[in-house]
Amino acid sequence: MITRFQNDKTFALEMDSTDPLKDFRDRFYIPLQNNGEPCIYFCGNSLGLQPKAARAHIEQELKDWERLGVDGHFHAKRPWLDYHEYLTEKTAKIVGAMPVEVVNMNSLTVNLHLMMVTFYRPTPSRHKILIERGAFPSDQYAVNSQIRFHNYDPSSSLIEMSPREGEDTIHTEDIEKKISEEGGSIALVLFGSVNYYTGQVFDIERITKAAHAKGCTVGFDLAHAAGNIILKLHEWGSDFAVWCTYKYLNAGPGSIAGCFVNERHLANSDLKRFAGWWGHDKKTRFLMGPDFQPIPSAEGWQLSNPSIIQLAALNASLEIFDEAGMDKLQKKSELLTSYLEYLIMDLNSDQIDIITPSDVSKRGCQLSVRFKQNGKRMFQKLIDYGVICDWREPDVIRLAPVPLYNSFIDVYSFVQNLKQNI
Ligand SMILES: *Cc1c(COP(=O)(O)O)cnc(C)c1O
């Protein structure tokens, strides 16, 4: 770290005034406290803030629908028929993929199931799924139900990888060892990319390599990674990945999700999949024939025509990401999160522990702080003060200073408040 941090307000203000991304904060609505001041919003890992441009993007589609009805499919300002294609390049940049490898469709858990339909093909000798222990509940339900769907039993087909005794996060070499020992019976390796609870970043490249060496398919849930850390999905070679767009990608509650299928699978029309008309070859889709011809891209996994309103909101946000650039965002993210870490450590409190890795290459912009006692009370005090962050049972507060709209003074003021209440 080149910057020497200082624990004072002038330093925080100075960092803000020299921040090359400082103007992006104004492109978002920051929720207000009762006193009319903006709150300190550290919850972008859960629901990203609204880009001001989202309204105009959505209103354009409402207007075209008002004006044109069904003709909007062809004559809207951005014709709806291939509206999702406006987002493809920008989406590919966010996750480091080729444009043919990505598509926005459905919601995250739906996409996870669709990907498992294709990439989890258990056999009596290879039927297991390896996941991290403490994966997000929806992912746990999804893998358990997929195992049962194929008439296997999670008690013998699910392997959950735990941290070492007394530790909170998992060593990559332990994952590699597990895969090398048990890979012969593992059909699918499925990991988060950033664990939602600890904020740990998993090494997609090394996990993918280890899984493929043992003949397993491998996929990642990027819910907490997309728009947060630099991803190179194509280069890292996993078979698939899925993510939502309402967390760091700021596309609005429940908005349309993303999906990546590695190029090597795209031409293989024999892959088993659940099919729908929007995945069918565009040239013959409207001939409405009975035989399914998948589009030879990630779009071949689409089922339905997508919600244009949701795509419009996502498009507004992706334009901002495109302008800011993931490289610059990553740089600010490292500084901002490290500043938060530095200030918390400077409290010298034996009441709190940061469970997120201190190595910046193993985390994004989230710090998970464990309170040895009175955590819930502290959380309530933070809310009263105008901080929006979240509490995770049994004892963790998650804080996510987001480089697009959070400032160094947000971080400084937050820790000042923590100090008064600890
Ligand atoms: C947020 C999140 C989800 C939510 O799934 P939805 O289908 O979007 O409701 C699933 N998995 C992970 C890892 C998440 O962080």
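Counting starts at 1 for both ligands and their atoms, in listed order.
Annotation for ligand 1: atoms under 4.0 Å from non-hydrogen atoms of Lys247 are 1 (C), 2 (C), 3 (C), 14 (C), 15 (O). Taking a cut-off of under 4.0 Å to the non-hydrogen atoms of His224, the atoms of ligand 1 that pass are 15 (O). For ligand 1, the atoms lying closer than 4.0 Å to a non-hydrogen atom of Tyr246 are 1 (C), 4 (C), 5 (O), 6 (P), 8 (O), 9 (O). Atoms of ligand 1 lying under 4.0 Å from at least one heavy atom of Ala223, given by number and element, are 2 (C), 12 (C), 13 (C), 14 (C), 15 (O). Those atoms of ligand 1 with a heavy atom of Asp221 less than 4.0 angstrom away are 11 (N), 12 (C), 13 (C). Near Thr109, meaning under 4.0 Å from one of its heavy atoms, ligand 1 places the atoms 5 (O), 6 (P), 7 (O).
Closest to atom 12 (C) of ligand 1, if we only count protein heavy atoms, is Phe136 CG, 3.3 Å.
Under 4.0 angstrom from ligand 1, the non-hydrogen atoms of Asp139 all belong to its side chain.
Taking the six-membered ring for Trp and thresholds of 30 and 60 degrees, Trp80 and His73 have ring planes more than 60 degrees apart, a perpendicular arrangement. Relative orientation of the Tyr196 and Phe136 rings is perpendicular, given thresholds of 30° and 60° on the angle between their planes. Ring geometry for Phe408 against Tyr339 counts as tilted: the plane angle lies between 30° and 60°, on a 0 to 90° scale.
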Trace of the ring-ring contact (aromatic ring centres under 6.0 Å, His included) decision for Tyr120 with His150: CA-CA 10 Å; Tyr120 175 54; His150 288 284; 5.3 Å; yes

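Partner of Val369 under the side chain to side chain contact (heavy atoms under 4.5 Å, CB included) criterion, chosen from Ile344, Asp395, Thr356: Ile344.
Thr217 places a side-chain N or O within 3.5 Å of a backbone atom of Phe119 that can act as its donor or acceptor partner.
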